[in-house]
Amino acid sequence: MTSPITGIGYARLSAPDLGVMQEFLEAFGLVKVHRDGKRLYMRGIGEAPYLHVTELGPPGTIALGYEAVDESALREFVASGAAKSVDQVDEPGGGKRVILTDPNGLQLEIVSGRANIVPLPPREQVRGAGGASLRRGPSRIRRVTHGVLTTPRMDETLDWYHKTLRLIPSDEIYAGTPANRLGVFSRLDRGDEPVDHHVSFIVRHAEAGVHHVSFEVEYVDDIFMGHDHLKRLGKYEHIRGINRHALGAQIFDYWMSPFDQMHEHWISTEHMDVKSAFGSHRVDSDMAHDHGDNVTPRFSRHSSPLISRSPD
Ligand SMILES: [Fe+2]
């Protein structure tokens with residue numbers, strides 16, 4: 001049976017200053033949809049009403065939002081006992097939602113029927129008669145691609161995601177021997193339809209939390225342009241990149257929000273389907289095909305705490 005979701009719709013973070021967060025997210029490449037005293041909603045260039053929500057509160061992650069294939073998938077989560085009820089969403093775009101809780105306490109909001117908004121106009125691709133090829137500015141962001149979770153209960157967490165969201169493993173990485181598994185990339189099962197290498201990466205860690213949330217940029221050009229823009233501002237912490245993972249042909253760049261939440265610019269040319277082969281890789285030798293700097297402790301040890309709250 002294929003996955004009941006089509007991908008990640010949004011991340012819901014928590015931060016103590018929405019203005020500071022908005023300034024960072026605009027520099028990162030998102031665009032404000034709505035902000036009031038308690039919540040900030042940011043969109044990308046596409047039709048989704050928002051890709052990123054920040055609620056006023058302590059720094060951390062409240063939930064990841066996933067798009068259901070249709071509304072009947074929401075009712076099936078309730079029928080299976082995974083969720084209590086299907087509720088109306090009182091947020092931009094509306095729609096309906098169920099809330100699941102994973103084994104680490106992270107909330108998953110599965111949504112359906114959110115109203116689309118008008119996409120942003122395309123960036124000009126032809127140099128004007130009076131223009132010059134010196135374009136600068138933030139990246140343009142299409143969508144959320146994946147979330148990376150840290151957990152002290154990796155096997156249980158993997159089992160839960162694979163069963164509940166019907167994800168399938170794409171690649172695992174290990175240190176020394178395969179028994180010493182460090183993390184597993186899992187993708188959607190959409191049958192023969194091509195999907196990203198992973199919608200979820202679950203990593204062994206002492207703390208349960210979120211390592212990073214990844215945003216697909218419009219073109220590979222946006223990875224570099226966005227990097228230069230953030231670097232030139234001189235006020236945000238760069239974590240890793242610009243690098244390329246051989247696994248999934250992923251080109252990436254990581255930046256930290258002012259509240260220690262890692263955000264990734266990402267683009268990839270490789271897709272998989274239900275028949276694609278599983279891979280098991282030793283980190284020291286098999287990852288030698290990667291391009292770029294080695295992982296730093298600051299990167300590998302990071303985990304943004306889970307913030308629990310009852311959504312309205
Ligand atoms: Fe990532």
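We count ligands from 1, going down the list as the structure has it; atoms in each ligand are counted the same way.
Between His245 and His197, a ring centre-to-centre spacing not shorter than 6.0 Å is recorded. Note: Phe28 and His229 fail the aromatic proximity criterion, with ring centroids not under 6.0 Å apart.
A tilted orientation is assigned to the rings of His198 and His146, their planes being inclined by 30° to 60°. Taking the six-membered ring for Trp and thresholds of 30 and 60 degrees, Trp255 and His238 have ring planes inclined between 30 and 60 degrees apart.
For the Fe ion (ligand 1), the set of protein N/O/S atoms nearer than 2.8 Å consists of His146 NE2, His212 NE2, Glu264 OE1, ordered by chain and number.
Under 4.0 Å is where a charged nitrogen must lie from a carboxylate oxygen, and between Lys32 and Glu26 no such pair does. Ion pair Glu67/Arg114 flagged as a salt bridge, since at least one NZ, NE, NH1 or NH2 atom sits closer than 4.0 Å to an Asp/Glu carboxylate oxygen.
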